[in-house]
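Numbering of ligands and ligand atoms starts at 1, following listing order.
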Amino acid sequence: MAGKIILYTYFRSSCSWRVRIALALKGIEYESRPVNLIKDGGQQHAEEYKTLNPQEQVPTLVWDGIPITQSMAIMLFIDDIKPNPPLLPDDPVKKAQALALAELINSGIQPLQNLHVLQKVGEDKKTEWAHFWINKGLTAFEKMLKDTAGKYCVGDSITLADIFLVPQVYNAHRFNVDLTQFPLIQKISATLDNHEAFKAADALVQPDCPEDLRKK
Ligand SMILES: O=C(O)/C=C\C(=O)CC(=O)CC(=O)O
């Protein structure tokens, strides 16, 4: 695996967080470049950044000068350039289950509680809005886990489903979703919280995490 990797990231952006977990699981070194989504009206809208990421979002991974956007595409790329440990099971059914769980969050929850959507929904309604969509999505996720879970979301190996789950659980706490309704999600995310790669990728230990939120 050749190539210098730069990751444009924001500490609590779910999508950046996922990529940080994948890089940590693979043991891939990278240079982290923080993009503050709030400061200066959002540094993701800066002209220079827009040329890398026309959607004006994080993350962007730059590999040997080539920008790659979208967390799912980035993680599949990482899995291709460094196949071990794999992010998806070999078994076709398990692979589809892991992708279905990941997509449930990727397209069914996270985009609805993303910064730019909440800005459009408005300050007074945003908490109720985010709470509704996270609660609805995680209710389905928990039901699916009944058929797929072992130690992790799909069997006993870490997959993309686990990588997507952890940042979404952070957001569930942030928007006051009662996680005691979801015993499997709670159990698996507690196990993941103790995993070294997940600890290293945690939003609250990143260099751009503000001091008042930082994990002590
Ligand atoms: O610090 C902030 O308030 C701004 C941005 C975020 O939380 C990141 C998101 O938009 C949510 C997410 O990625 O899930």
Checklist entry - What do you reckon, does Leu115 have a nitrogen or oxygen under 3.5 Å from a nitrogen or oxygen of ligand 1? => result yes
Checklist entry - Just distances here: any N/O of Ser13 and N/O of ligand 1 closer than 3.5 Å? => result no
Next on the checklist: Please report whether the ring centroid of Phe11 lies less than 6.0 Å from that of Trp17.
Outcome noted: no
Any idea which protein heavy atom is nearest [atom], and the distance to it?
| atom | value |
| --- | --- |
| atom 11 (C) of ligand 1 | Gln113 NE2, 3.9 Å |
| atom 3 (O) of ligand 1 | Arg174 NH2, 2.7 Å |
| atom 13 (O) of ligand 1 | Ser14 N, 2.8 Å |
| atom 5 (C) of ligand 1 | Tyr10 CE2, 3.6 Å |

Checklist entry - Any heavy atom of Phe11 sitting closer than 4.0 Å to ligand 1? => result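 Outside the 4.0 Å threshold, so no.
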Next on the checklist: Donor-acceptor check, side chain of Gln206 to backbone of Asp202, threshold 3.5 angstrom: yes or no?
Outcome noted: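 Yes, because the side chain of Gln206 sits within donor-acceptor range (under 3.5 Å) of the backbone of Asp202.
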Checklist outcome for this item: Atoms of ligand 1 under 4.0 Å from any heavy atom of Asn171, numbered from 1 in the order shown, are 14 (O)
Next on the checklist: Check Glu31 with Arg33, please: is the shortest side-chain N to carboxylate O separation under 4.0 Å?
Outcome noted: yes
Checklist entry - Is a salt bridge present between Glu211 and Arg214, judged by a nitrogen-to-oxygen distance below 4.0 Å? => result yes
Checklist entry - Run the side-chain hydrogen bond (donor to acceptor under 3.5 Å, both in side chains) check on Gln70 and Gln55 step by step: do they pass? => result CA-CA 9 Å; Gln70 288 292 342; Gln55 212 180 355; 2.9 Å; yes
Item to check | Candidate pair Asn171 and Ser14, rule side-chain hydrogen bond (donor to acceptor under 3.5 Å, both in side chains), full reasoning | outcome: CA-CA 8 Å; Asn171 278 295; Ser14 299; 3.1 Å; yes
Checklist entry - Are Val93 and Leu145 joined in one hydrophobic group, where the rule is that I, L, V, M, F, W and Y side chains link up if heavy atoms are under 4.5 Å apart? => result no
Item to check | Proximity of Leu118 to ligand 1 by residue part, where a heavy atom lies under 4.0 Å | outcome: neither
Next on the checklist: For Gln110, which part has a heavy atom under 4.0 Å from ligand 1: side chain, backbone, both, or neither?
Outcome noted: side chain
